[in-house]
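Everything on this sheet refers to the single structure shown next.
In what follows, every chain begins at residue 1, and chains take the letters A, B, ... in the order their sequences are listed.
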Amino acid sequence: MRSDAERHSWLIGARTVLDLLAEHGTLERAAPHLLHAIREQPDLDKGAEVGALRAYIGKLVEKSTANDQQRFSELQIARHIQTAILPRDLSVDGLEVAAIMVPATEVGGDYYDVLPAHDGAWFGIGDVTGHGVGAGMIMLMVQSAVAALIRTCNGPRDVVIELNALLHDNIHGRLRERDHVTFSLLRYTRDGLVRFAGAHEDMIVWRAQSRRCEVIETNGLWLGAVASVAEQTKEEQLQLAPGDILVLYTDGVTEARNAEREQFGLDRLRDLVVELAPAGQPIAQLCDAIVGKVVRWGTQADDISVVVARYHGDDIDYDIDSDSTAVQMGDL
Amino acid sequence: MSEIELMTVTLDDFAGRAHHDGGRSITILLTGSADHGAVESLENLLTLVHERALELGVREAVVDLRALEFMNSSCFKSFVYWITQIRELEASRRYTLRFLSDPNMHWQKRSLRTLSCFATDLVSVE
């Protein structure tokens with residue numbers, strides 16, 4: 001027979017285990033097994049302790065469900081903010097533009113934007129490290145800051161440098177987090193010139209003349225991690241010719257994994273563009289096809305964002321409004 | 001000099017091992033795939049390595065990624081933080097980071113290129 005002290009100590013131990021299970025979100029699954037184990041304990045079956053423990057489990061399950069619901073609501077809000085802030089109108093002189101973002105359940109912090117300018121447009125694409133509400137919040141900071149900075153800064157390099165300073169102050173100084181942002185900013189002008197700065201994923205340019213893809217590295221530092229990126233941030237440029245297609249994407253595309261854990265990868269993405277681009281289909285279809293292929297590749301673990309732009313040249317007056325499409329898709 | 005095991009991390013899909021060579025160097029070997037599930041373990045591993053590096057006065061930490069199939073951006077965050085911590089030390093206490101990479105893995109080439117830019121005097125990639 002156990003003494004009262006032993007029984008008391010066993011019950012405290014059982015409660016501690018329950019607290020730990022609840023903390024790790026596994027209480028509901030473990031509860032039936034726990035109740036069975038408790039009933040098997042000598043001296044406890046007949047006492048009031050089993051009832052007390054059962055009630056305790058009930059309370060913890062209730063609390064855990066409430067916490068899950070709260071977290072789910074927070075994620076819903078973050079997901080809404082992330083997609084609501086995306087550009088609706090992608091009309092840009094000389095370009096046919098399409099973009100899609102498929103947010104992951106946990107909100108991956110993807111960002112893209114197309115901001116009109118008097119002689120072209122700015123394109124931004126990036127990804128906040130981490131997931132959840134915090135990542136969504138930082139993504140919102142990036143969008144707002146870029147939209148403001150392009151009004152006063154001279155070019156992409158200046159914007160990237162200022163954006164970094166702002167993010168560093170906010171992420172480290174105020175939020176006390178360690179996140180950073182992969183980010184590239186492009187300044188397109190009607191003559192097909194694209195100046196860019198900031199380190200994000202490699203860009204793909206499909207050349208209409210050769211029907212091949214060029215992979216263009218983006219260099220510099222990830223933003224928000226150090227106080228200044230001025231020294232490491234260089235402005236580079238590329239020239240689009242009529243018919244060329246520019247493809248921007250986030251890591252949710254290339255890092256998507258199939259059941260065999262094989263990544264979709266840059267090579268597969270490039271091959272897909274080479275296969276589909278020559279057909280000359282509307283750019284929205286190309287964008288759909290890329291995203292559809294990635295989504296079908298495996299279980300989605302991260303946000304997937306793709307921005308595609310076809311250059312028409314600067315001497316043709318296209319009705320591009322009808323071709324430009326922005327889509328946010330919950331499921332494809 | 002004999003090796004001293006500092007820490008071992010083993011997850012389903014990711015493993016990390018840090019050891020001190022008994023002299024002026026610590027080596028970290030990472031294998032498998034470091035994605036969201038590995039973030040916390042990697043963070044703990046690098047925090048401990050940094051603390052031990054300062055205690056032992058090592059001059060170099062070697063990070064062997066050649067058998068690491070993949071690392072996501074959240075895991076790279078731990079490396080960025082590690083580098084910023086070393087940068088903030090007074091010059092006499094700083095140690096260098098040498099990454100051993102597989103150039104055939106595109107993600108390594110791309111991410112290590114950026115990582116090395118955070119402190120070109122402290123970080124090298126081979």
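Of all heavy-atom pairs between B:R110 and A:E255, the closest is NH2-OE2, 3.9 Å. Considering every non-hydrogen atom in both B:C117 and A:Q232, the closest pair reads O-NE2, 3.5 Å. The nearest pair of heavy atoms linking B:S111 to A:W222 is O-CH2, 3.8 Å.
More than 12 heavy atoms of other residues, nucleotides or ligands sit less than 6.0 Å from atom CZ of B:R59. Within a 6.0 Å sphere centred on CG of B:D12, other residues, nucleotides and ligands contribute 12 heavy atoms or fewer. In the displayed structure, B:E40 atom CD is contacted under 6.0 Å by at most 12 heavy atoms of other residues, nucleotides or ligands.
A donor and an acceptor atom, one from each side chain of A:R178 and B:T84, are nowhere located under 3.5 Å apart.
By number of non-hydrogen pairs under 4.5 angstrom with chain B, the leading residue of A:T182, A:D179, A:T218 is A:D179. Taking A:V229, A:N219, A:L221 one by one and counting their heavy-atom pairs under 4.5 Å with chain B, the maximum is reached by A:L221. With chain B as partner, the option from A:T129, A:D251, A:V128 having the largest number of non-hydrogen pairs under 4.5 angstrom is A:T129.
The OH atom of B:Y81 sits 9.5 Å away from the NE2 atom of A:H172 when rounded to the nearest 0.5 Å. Once rounded to the nearest 0.5 Å, the distance linking CH2 of B:W107 with CD of A:Q263 reads 9.0 Å.
When heavy atoms are compared at a cutoff of 4.5 Å, B:F118 approaches chain A by way of both its backbone and its side chain. Residue B:E88 does not touch chain A at all, counting heavy-atom pairs closer than 4.5 Å. At a 4.5 Å heavy-atom cutoff, the contact between A:A199 and chain B is made by side-chain atoms alone. Looking at A:E231, there are no atoms closer than 4.5 Å to chain B (heavy atoms on both sides), in backbone or side chain. Only the side chain of A:L266 comes within contact range of chain B, with at least one heavy atom under 4.5 Å from a heavy atom of that chain. For B:T120, no part lies under 4.5 angstrom from a heavy atom of chain A.
For the side chain to side chain contact (heavy atoms under 4.5 Å, CB included) with B:H106, the lone residue among A:T254, A:D202, A:D267 that qualifies is A:D202.
With respect to B:R113 and A:E217, a salt bridge is recorded, a charged nitrogen being found less than 4.0 Å from a carboxylate O.
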Working for side-chain contact (heavy atoms from CB on, under 4.5 Å), residues B:F70 and A:R257 = CA-CA 11 Å; B:F70 173 64; A:R257 293 205 212 188; 3.1 Å; yes

